[in-house]
Amino acid sequence: MFSSLRVRNYRLFFSGQVISNIGTWMQRIAQDWLVFRLSGNDPLALGIAVALQFLPTLVLSLWAGVLADRVDKRRLCVMIQSGMATQALVLGLLDVSGVVTLWQVYLLCLVLGALSALDVPARQAFVAEMVGPKQIPAAVALNSSVFNLARIVGPAIAGFAITWLGTGWMFLANAVSTLAVIAGLLLMNPDQLLRSPAVERAKGQLREGLTYVRGRADLMAVMTLMFFVSTFGITFFTSLAIVAGNVFGTQADGYGLLSTLLAVGSFTGSLMAARRGARGRPRVELLVGSAFGLGAIEVVAGFMPTYLVFGLALIPLGFATITFLNTANTLVQTSVSPEMRGRVMGIYVLVMIGGNPVGGPMVGWMASTFGGRSPFWIGGVISVAAAVAGAVILARRSGIQPDLGPSPQPVPRARPVTGFRVLLPGGSRRTGRLAARAAMKSGAPKKGRQYVLGDRLE
């Protein structure tokens with residue numbers, strides 16, 4: 001379960017992520033609450049902030065995947081994390097000084113979105129370089145464990161700290177926590193990284209990545225399922241603030257508690273994924289089943305009558321969500337050719353996050369028009385339908401198969417025959433299956449001996 005932590009470089013990366021992700025979730029809660037407060041509790045304003053944060057993914061994620069295949073991923077991650085720390089510092093100083101306005105938050109959301117679009121493909125592909133292909137499932141699951149542990153701790157801290165200190169100090173804390181990731185990356189030993197050969201700069205590399213995915217029907221099915229579930233189903237990260245404030249009438253601490261309950265389920269799911277990762281690649285049935293469960297639980301949660309019951313329903317919802325995300329990520333990473341991994345992960349990030357510019361305003365509009373609970377049951381129904389469609393397509397394609405790189409030329413298919421013809425030294429010839437088996441087991445030298453099945457040498 002924790003075998004990937006034996007790798008020193010990955011331990012450094014893992015340790016930095018533990019600290020930084022707590023700060024990231026503190027900023028996420030603070031940012032949503034700041035927008036909510038500056039806009040007068042307007043759900044649409046919160047949706048716009050989410051859209052601006054994820055809009056750059058539509059433009060940059062594919063190019064970011066190409067960049068990850070071309071350059072040193074460790075150095076690229078250092079540069080991106082430095083930019084994220086600067087963004088958090090600027091937003092924190094504006095907020096603490098009391099001069100922050102809604103348009104400034106929108107602008108910094110756009111900056112963070114651009115950095116995130118560059119970061120995710122590079123960081124996802126960098127995991128394989130730290131641990132090697134056999135440890136990818138366990139490492140991906142442990143990354144998710146850290147992320148979701150931070151989602152338990154970060155919102156819990158932020159929910160109460162915002163009440164006491166205000167949102168600005170959460171942004172400053174995140175800027176400091178990002179330094180832990182940068183330090184871990186700088187302390188790594190580059191000679192111990194399992195790098196695949198860098199892809200030389202050439203025309204058409206982005207198109208090559210798109211063609212590769214389009215030619216893999218199994219990957220296309222997973223990408224399509226991911227798009228619908230992430231765009232319409234996994235919207236509760238945005239709608240939780242709406243439900244907490246407009247449906248149940250709670251303050252920032254109530255929102256933070258809901259986020260923590262969701263993270264409890266997610267953290268449990270990520271630990272289970274780490275155990276499965278130690279046994280190898282997950283099964284495609286788990287991908288479809290978790291997508292179906294996510295949608296069904298989301299529908300049920302949308303109709304929960306009280307704050308307490310609604311919060312408890314978020315625990316299994318978090319479990320199903322992280323199981324789906326982890327399984328999709330692992331299946332894609334372990335089924336693509338190493339020299340294509342950066343570009344494929346760029347496409348994966350596009351379909352996973354690229355729908356949020358649509359999903360964010362959509363959640364705000366649905367909450368304003370049909371009520372604060374509506375994003376849950378509408379998104380749940382769409383997720384269930386996508387899971388059923390994905391199950392049919394993947395069943396016809398027999399799941400996902402790994403691509404370990406360029407394969408040898410296929411051998412012409414043999415014509416069906418009733419027996420073997422055996423040519424032994426000296427030109428003697430025997431036919432029939434029993435004679436062929438005897439010849440194979442005989443002590444005659446292999447040189448000059450051929451076993452012929454139809455037109456193919458055996």
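All values derive from a computational prediction rather than experimental measurement. One is the number of the first residue; the rest follow in order along the sequence.
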task = Search all heavy atoms of L325 against all heavy atoms of M226 and return the closest pair with its distance.
result = CD2-CE, 3.9 Å

ask   = To the nearest 0.5 Å, what is the distance between CG (D95) and CG (L34)?
value = 5.0 Å

task = Determine yes or no for a side-chain-to-main-chain donor-acceptor pair under 3.5 angstrom, with S230 supplying the side chain and M352 the backbone.
result = yes

query = With no hydrogens and no angle check, is any side-chain donor or acceptor of Q87 less than 3.5 Å from a backbone partner on L108?
reply = yes

ask   = Under a 4.5 Å cut-off applied to non-hydrogen side-chain atoms, are T323 and F319 in contact?
value = yes

ask   = To the nearest 0.5 Å, what is the distance between CG (L91) and SG (C109)?
value = 7.5 Å

task = Please work out whether the ring planes of F228 and F232 are parallel, tilted or perpendicular, with thresholds of 30° and 60°.
result = parallel

ask   = To the nearest 0.5 Å, how far apart are CD1 in I297 and OG in S383?
value = 11.0 Å

message = Can a donor-acceptor pair be found, under 3.5 Å and without considering hydrogens, that links the side chain of S20 to the backbone of Q17?
response = no

request  = On the 0 to 90° scale, with breaks at 30° and 60°, tag the W377-F303 ring pair as parallel, tilted or perpendicular.
outcome  = parallel

task = Find the distance between CD (E129) and CG (L193) and round it off to the nearest 0.5 Å.
result = 6.0 Å

note = Correct closest heavy-atom pair for V309 and M304 would be CG1-SD, 3.1 Å

message = To the closest 0.5 Å, what do you measure between CG (L240) and CG (L314)?
response = 6.0 Å

inquiry  = Between S39 (side chain only) and F36 (backbone N and O only), is there a donor and an acceptor less than 3.5 Å apart?
reply    = yes

message = So does L286 get a backbone contact from the side chain of S290, meaning a donor-acceptor N/O pair under 3.5 Å?
response = yes

inquiry  = Quick check for you: to the nearest 0.5 Å, what is the distance between F370 atom CZ and I378 atom CD1?
reply    = 6.0 Å

remark   = Shortest non-hydrogen pair, G23 vs S177, comes out as CA-OG, 3.5 Å

key: N174 to T24 - nearest heavy-atom pair and separation   = OD1-N, 3.0 Å

key: Distance-minimising heavy-atom pair for Q27 and A88   = OE1-CB, 3.2 Å

